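Each remark here refers to the structure printed beneath this line.
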2 protein chains.
Amino acid sequence: MSAETLLSNERLDAIRERIRTEGRVVAAVLAVEFGVSEDTVRRDLRMLAAEGHCERVYGGAIRPRHAPTTLRRRMSEASEAKQRLGRLAASLTESGQTVFIDAGSTNLEIARHLPRDRGLTVVTNAPSVAEALSDQTGVEIAMVGGRFDPRLGSCLGGQTIEWLERLFPDIAFIGTCGLSLEAGLSAFSAEEAALKRIVAARTRRLVVAVTGEKLGLSAPFQISGTETVSHLVTDDPDHPLCRELAELGASIISETRSGHAASS
Amino acid sequence: MSAETLLSNERLDAIRERIRTEGRVVAAVLAVEFGVSEDTVRRDLRMLAAEGHCERVYGGAIRPRHAPTTLRRRMSEASEAKQRLGRLAASLTESGQTVFIDAGSTNLEIARHLPRDRGLTVVTNAPSVAEALSDQTGVEIAMVGGRFDPRLGSCLGGQTIEWLERLFPDIAFIGTCGLSLEAGLSAFSAEEAALKRIVAARTRRLVVAVTGEKLGLSAPFQISGTETVSHLVTDDPDHPLCRELAELGASIISETRSGHAASS
DNA sequence: CCATATCATGCGCGATATTGCATGTTTTTT
DNA sequence: AAAAAACATGCAATATCGCGCATGATATGG
């Protein structure tokens, strides 16, 4: 790799390779190394960046690192609304029940607000939920294992599903990416939907807690129809969808101005 | 990590990483470490804080946390010794390996320091470990389920053991409550010991990372003899037990004064 | 063979980013 | 309350960047 005259594509390939193997390149270094001007190198880097093969930074380029959206990010902005939903939903549990809690920021709030004097048994596929309960006494916790998806913050896959197929919880809190009349409960991935579907089919009570922004939305993969929902906890009880769900037999639970729960 | 010429964004990444793994950074230290002025470091920290990747405190920055604390107070949360052990132990992993990580504060530090560019697969029975890895890309994570013990922060019981009996990790990091010649590795509960024993018997490399205070101690339930330990990572390499372990074939790994790893 | 089109490249120039320093303010410590 | 440390802000020096344009080389077509 000397100052030989390299065809432009070859140079591009070489730079691509360098970025891939070394993780970083410096424009000025590449310029002297290939015997071209820095402008040319910058042009190359611009192309590679457009292809997604690198990320441009001041002075050169680095290997693309893609991971901006994590659960942690969403968690830090646990809105007051979600905390209220969590408290409301948690109050639906009854003594001695076995409770399934799904992953998600709202469900995490449910876990945080679970009463600790009812001898509950909590089953979850979300490590964050188990963690949140770890300072509580009086709550039995079972963790469902499997492949852990960092983006969702929960366990998925065959292992997980196999386990859940043998579980019949008294009450289940599952998260949803969308809730609408046509699409029912829906999720962003097929695997996620499959898992939630298993749980929804086996529980005696299915509780869905969502902020108003998700009402009326639908995601690509259906979990189940709206008729499977027995309780909807929301901060927007006046949404038309709520009335329709109520007619299908679901309880709509929200907070009144004075802070008490109301159900219709 | 010396006075290399680092691209400014790389420095940002590096600081981000330090905050993620170590929980706290000191502006003055970063300044000399990267060979830039403190002003520049502060600017970086301001940016990271704006992105939500850290929380600024007087003197530096800490991992985002909702309760405001001083840097001084924060220093005591995870001792520096454990962080060093974590970093050292994590460097023992090799490309493509399947890694088991046990529960415990030291092991959590190992997880935090795991390299993300080696295509590692991590198996753990501790939700906190899964959580700690959840903002990493390039690490496959498998969670071993079971009954969750809040006091230990890990999953135990028949379910867990059944799963682990089918696992043969390349390398395993397990925690121990005591390490002595007579009692070997030992734990405070029979169930805990049984679980660790399963893992110890199936891994090709067994790494134990302990602070010096645990050397020579023994807990009621034996996990296995000292001869099963292939690597001992410690901050007290002069302890007599280390020499004896070395004679049994274990590698003793610790940090020299200058900050580099040494093994005997 | 010549005219023209196309392309990669290098150079100049104004714009932008990064950095360190000076200055004044806020926070912590004594 | 005073001293020290850390901090934010404005500013100037330097480095890097993007863009337009000229140049030369190669390809295409008559």
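Nothing here was measured: the structure is a model prediction, and the numbers come from that model.
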Quick one: side chain to side chain contact (heavy atoms under 4.5 Å, CB included) partners of A:Arg56, sequence neighbours excluded? A:Arg42, A:Leu45, A:Arg46, A:Ala49

Find out whether [X] and [Y] are in side-chain contact, i.e. whether some heavy atom of one side chain is under 4.5 Å from a heavy atom of the other.
{"X": "A:Leu179", "Y": "A:Lys214", "answer": "no"}
{"X": "A:Thr211", "Y": "A:Thr234", "answer": "no"}
{"X": "A:Cys155", "Y": "A:Phe148", "answer": "yes"}

Whole angstrom is fine here: how far is it from [atom1] in [X] over to [atom2] in [N]?
{"X": "A:Leu45", "N": "C:dA8", "atom1": "CG", "atom2": "C1'", "value": "16 Å"}
{"X": "A:Leu12", "N": "C:dC7", "atom1": "CG", "atom2": "P", "value": "15 Å"}
{"X": "B:Phe34", "N": "C:dT18", "atom1": "CZ", "atom2": "P", "value": "16 Å"}
{"X": "B:Asn9", "N": "C:dA17", "atom1": "CG", "atom2": "C1'", "value": "10 Å"}

Any ion pair linking A:Arg84 and A:Glu255 (charged N to carboxylate O, less than 4.0 Å)? yes

Does a side chain donor of either A:Glu191 or A:Ser189 reach within less than 3.5 Å of an acceptor in the other side chain? no

In this structure, SG of B:Cys177 is separated from CG of B:Leu217 (nearest 0.5 Å) by 10.0 Å

For B:Arg118, I'd like to know if atom CZ has over 12 heavy atoms of other residues, nucleotides or ligands within 6.0 Å. yes

Rounding to 10 degrees, work out the angle separating the end axes of the helix from C:dC1-D:dG30 to C:dT30-D:dA1 (five pairs an end). 30°

Please determine if a side-chain N or O atom of A:Thr40 lies less than 4.0 Å away from the OP1 or OP2 oxygen of C:dT9. no

Think B:Arg11 has a side-chain N or O under 4.0 angstrom from the OP1 or OP2 of C:dT18? no

Nucleotide by nucleotide, 5' to 3', does protein get under 4.0 Å of the base (B), only the sugar-phosphate (S), or neither (-) in nucleotides 5-18 of chain D, counting heavy atoms? BBBSB-----BBBS

